[in-house]
Amino acid sequence: MPTEYRTITEIAGPLIFVEKTAWVGYGELVEVGLPDGSRKRGQVLDSSKDIVVVQVFEGTAGIDRQSTVKFLGETIKLNVSRDMLGRILSGAGEPIDGGPPIVPEKRVEIIGAAINPYSREHPAEFIQTGISTIDGLNTLVRGQKLPLFSGAGLPHNEVALQIARQAKVLGSQEPFGVVFAAMGITHEEARVFMDDFERTGALRRAVLFLNLADDPAVERLITPRMALTAAEYLAYEIGMHILVIMTDMTNYAEALRQIGAAREEVPGRRGYPGYTYTDLASMYERAGRIHGRKGSITQIPIMAIPDDDWTHPIADLTGYITEGQIAVARDLHRKAIYPPIDPLPSLSRLMDAGIGKDRTREDHKQVADQLYAAYAEGKDVRGLVAIVGKEALSDRDRKMLEFADRFEQEFIRQGSEEDRTIEQTLEIGWKLLATLDEAWLTKVDRKTLEKYHPAHRSGMSGMAPKVPA
Amino acid sequence: MAMRQRDKGATGKETGEIFRVAGPVVTATGLRPRMYDVQFVGEEQLLGEVIQIVGEKTIIQVYEDTSGVKPGEAVLDTGAPLVVELGPGLLGSIYDGVQRPLPVLQKAMGDFILRGLKSPGLTRDKTWKFAPKVKQGQSVVPGDVVGTVQEAKNVEHRIMVPPNFRGGKVVQLKEGSFKVDEVVVQLDNGEQVKMHQTWPVRKARPVKERLMPTIPLVTGQRVLDFLFPIAKGGTAAIPGGFGTGKTVTEQQLSKWCDAQVVIYIGCGERGNEMTEVLSTFPKLIDPYTGAPLMERMSLIANTSNMPVAAREASVYTGMTLAEYYRDMGYNVALMADSTSRWAEAMREISSRLEEMPGEEGFPAYLSARLSEFYERAGRAKTLSGLEGSVSVVGAVSPSGGDFSEPVTQGTLRIVKVFWALDTALRARRHFPAINWLQSYSLYTQILEDWFRKNVNEEWPRLRSWTQRTLQEEAELEEIVRLVGADALPPDQQLTLEVARMIREIFLQQNAYHAVDTFCPPERQFKIISAIKKYSDLGQKAVKLDVPTKDVASLKSRELLTRVKYETEFDKELAKTLAQMDEEFKKLGAA
Ligand SMILES: Nc1ncnc2c1ncn2[C@@H]1O[C@H](COP(=O)(O)OP(=O)(O)OP(=O)(O)O)[C@@H](O)[C@H]1O
Ligand SMILES: [Mg+2]
């Protein structure tokens, strides 16, 4: 039985300071007993012979100097088991769905050990999300970490749900599941996720960890780690392919900042602690594939970036760690285009490994490059029109302008239940490219053009648009 | 001064006790170590290094996770600084930040990195064939090569008298196959030269003399070699926001630069990027030697989720390996991706020490550390009189993509080449997204001779023409933005056209294209010459009142955009140039 101490000397924000303890391990789990009989959990942040600093997950409200402190002699662990699938847990891993407690097959530390880089397998399996802007231009692969960069009031949750509903690996029957970590989102938002999971039957193969807006902020620091620990178990020990959705990382980072401030640490940019990069990486890097193990962890962290400012530390540091980002854009949303994913600032760094012959289609890369270039040019022309007027435009400018409009309406826009195959996506792409002069399609080589360009394919090569004289 | 006192424990080493644990920083009492000496911390004997001494308290940064470590546990002073092992077997290896081989860790603890494992950097299992290069009775001095080992297909490993030896006459000499810890040469003063030596990572290895860098490190990347070249023994920084192409550039250089040995440090970056190197490099062939590229490389992988203190050490570990191969007389290229993560590791440790922070929380000694590091680069005459070099290319990841932050600024004060990655260029997928107006190389002048002699007499002239044209484009674009391109006179319209060709054909280079990924200087010169030729003929044509539009829409121009991708480059280029002549002749301007 661990000793109970009544030696709290100081309580500040989420921290309590305890003295005259036996030697306590760094990171050890702590149980605080309040005068009203309730218990709270915490973790040792700093342990010395003089004083032990404890961060209390549920917040320090109600704790007084007479409260008892017990050090449990181990670091934070999560009970994991196959039976977690279909369950809804609190942000601290306790069942909140009225179901029975989880009978553990294993107890695992939530601070995951780093995957040995030598053990990793380079992710290369194409995940079809059915969303053209992702599959076609910013392809997701198994084991990737690809965040949604969004802003307040944008439909990132809908996009994430659509991905979760539709994601599949072509020709694969391997079991897959979803682990969902909510950090500080509202009841209403959480409801949307839960209803959708229920409606589609996804709940049966999902584990939900919910820390909601009115739950303690400090708990947010452990919620995603709990979720990732469950994901690792399901992926690497059970062999499932797990999609982890973590929302909202902005709330997570704010909790981190709060602890930093309470400890009077020297702040980095905008008050976030200097170790924010490392801290975020310790979660994002838990995505991946491992040689010789069946399962995989694919991460989709979501963040509503304050003021849509990508230089904000949360977006910036995330971008430095993840393998690209999907931009949920306000201007497309204003035009009522769903999903409002802007391909230009979006990027999937693992795309090249996952596409092409035998994976998607041999023309994929070239079509993507060409669509991207043409849309970028069209958008530039839009800017130009504002200055010089439509009359001053060249033929090419006009066509590019038109292309950009159609691209938004036909390629980007799709229904929230519309599940496009990669072929459909590429076909829409070719149809749009066919509105441009062939000579402008410099990202596509001759052979590919002749094989896939609609004008060539349908044997109507005579109707191919002519290069202007 | 009192003599250093040693505890009389069985090992003859000093032991103390943990007083405090705060993340990677552990405070111990009862020790009297020297700064930077290695300590074994706690029951699991985690590897750590002394970083501060305050009265009775010794402050140690620990290279492994400290969860569960308690006050009261023992600390053991090894009395020696952090060293790496240098010998055959470094090439083709992958290490963590303190030179533990990752395959060994995998074998011992599985797919996840646990702690408490110590492992030598060089395997003791393997034997290497040693061919002596000295004779019985011969005098040798530190740095002298006593024999060689064929370490990789194209790298002859030179076993040297360590720099900290005194040197003397060879009294015993072995020949045959040996393990790395075996003695191969015995000197008359008792010194024994083994197949490997050790060296403290934080200490620069000595050279006889520093030499001026006058030879380029050829990278096969057009924008780098032609516009902003780096010298062998030079230093370059490549700063850029996320996703602008730092890692791709570092990997491109590792693949295609004409160094004999490449050390790649993945410092606080992604695990998958290391995997990518491990899975792609062995399949690639070094264009200079024909050997698999992996055989000339050593990888240090301390990814972002591995302990920060080991990340801090990783750049020094890599640098020491690089210097060691330089001492053999090789040109070594060191890639550090990313130095910002190293700086952040310093910041984290510094903040745990509650040091007074400088700008953005970085320690006040940040720029001093950066300078010390880059100063270890250079071209030099080695102790044994050979010539070798260490070139360093450091990626910088400025927060918010803002170059005014301390790490970028501290780096730019010391390095000679600045490859500025540009978020706007990356948004247009202009790769490499190196901004041609902002970047610079202070080696341009000094390397001119080499390019004139080895590539073409006209290299410098074409180079300035290219830069002038790009500069002019930037100025003209201001006007176009106000009044539209049609308002410009025809010759200036053509300049815009030519500048666009320079950008799209010459500067853009696709790292993922089988042919375009590597472009030797001769080919670079041919491409830019072809553009220049088009420009000259075009200007002639517009003077004869040929509309710019007609010049811009020539078939040969379109062909020129594709030649760089051709396997039969010379043939296709010749065809294109012939067609160009013909087309301009038709326009009356040949
Ligand atoms: N030379 C190039 N050719 C083709 N594509 C490139 C090139 N350089 C960069 N890219 C593209 O840009 C993407 C991002 O590049 P990279 O990973 O090197 O960025 P980074 O600057 O290292 O970012 P971070 O700081 O987040 O690590 C690549 O995945 C690739 O798609
Ligand atoms: Mg990178």
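Numbered from 1 within each chain, the chains take letters A, B, ... in sequence-line order. The analysis underlying the following values was restricted to heavy atoms, covering all of them including side chains, and did not include hydrogens, waters or symmetry mates.
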Is [X] close to chain A through its backbone or its side chain, or both, or neither, when contacts mean heavy atoms under 4.5 Å?
| X | result |
| --- | --- |
| B:E73 | neither |
| B:T303 | side chain |
| B:P103 | both |
| B:L299 | neither |
| B:P547 | neither |
| B:R347 | side chain |
| B:Q106 | both |
| B:I94 | side chain |
| B:V69 | backbone |
| B:R115 | neither |
| B:F19 | both |
| B:L278 | side chain |
| B:E276 | both |

Contacting region of [X] [heavy-atom separation from chain B under 4.5 Å]:
| X | answer |
| --- | --- |
| A:E121 | backbone |
| A:R263 | side chain |
| A:E285 | both |
| A:L45 | backbone |
| A:D380 | side chain |
| A:Y236 | side chain |
| A:V24 | backbone |
| A:K379 | neither |
| A:S394 | neither |
| A:S47 | both |
| A:A287 | neither |

Answer whether the closest heavy-atom distance between the side chains of A:Q325 and B:F242 falls below 4.5 Å.
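Yes, side chains in contact.
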Would you check if B:P71 and A:Y26 make a side-chain contact, meaning some heavy-atom pair closer than 4.5 Å?
no
Between B:G23, B:A301, B:G268, which shows the greatest number of heavy-atom pairs under 4.5 Å with chain A?
B:G23
So which atom in B:E348 and which in A:T278 form the shortest heavy-atom distance, rounded to 0.1 Å?
OE1-OG1, 4.0 Å
Most chain B-contacting option - heavy-atom pairs closer than 4.5 Å, from A:R293, A:E264, A:M283
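Max contact count across the listed options: A:R293.
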All N/O donor-acceptor pairs, side-chain side in residues 346-355 of chain A, below 3.5 Å, sequence neighbours left out:
residue	atom	partner	partner atom	Å
A:S346	OG	A:A327	N	2.9
A:S346	OG	A:D342	O	2.6
A:S348	OG	A:T139	O	2.5
A:S348	OG	A:Q144	NE2	3.1
A:S348	OG	A:M351	N	3.4
A:R349	NH2	A:G319	O	3.4
A:D352	OD1	A:K365	NZ	3.3

Basic-acidic side-chain contact under 4.0 Å: [X], [Y]:
| X | Y | result |
| --- | --- | --- |
| B:D111 | A:R120 | no |
| B:E17 | A:K49 | yes |
| B:E360 | A:R269 | yes |

Under 3.5 Å, is there a donor-acceptor pair linking the side chains of A:T442 and B:R562?
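There is no such pair (donor and acceptor under 3.5 Å, judged by atom type) between the side chains of A:T442 and B:R562.
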Qualifying residue, where the test is side-chain hydrogen bond (donor to acceptor under 3.5 Å, both in side chains) with B:N272 and the options are A:H122, A:E323, A:R289
A:E323
Within the distance-only criterion (no hydrogens, no angle test), does the side chain of B:R426 pair as donor or acceptor with the backbone N or O of A:P345 below 3.5 angstrom?
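Side chain of B:R426 to backbone of A:P345: a pair is present.
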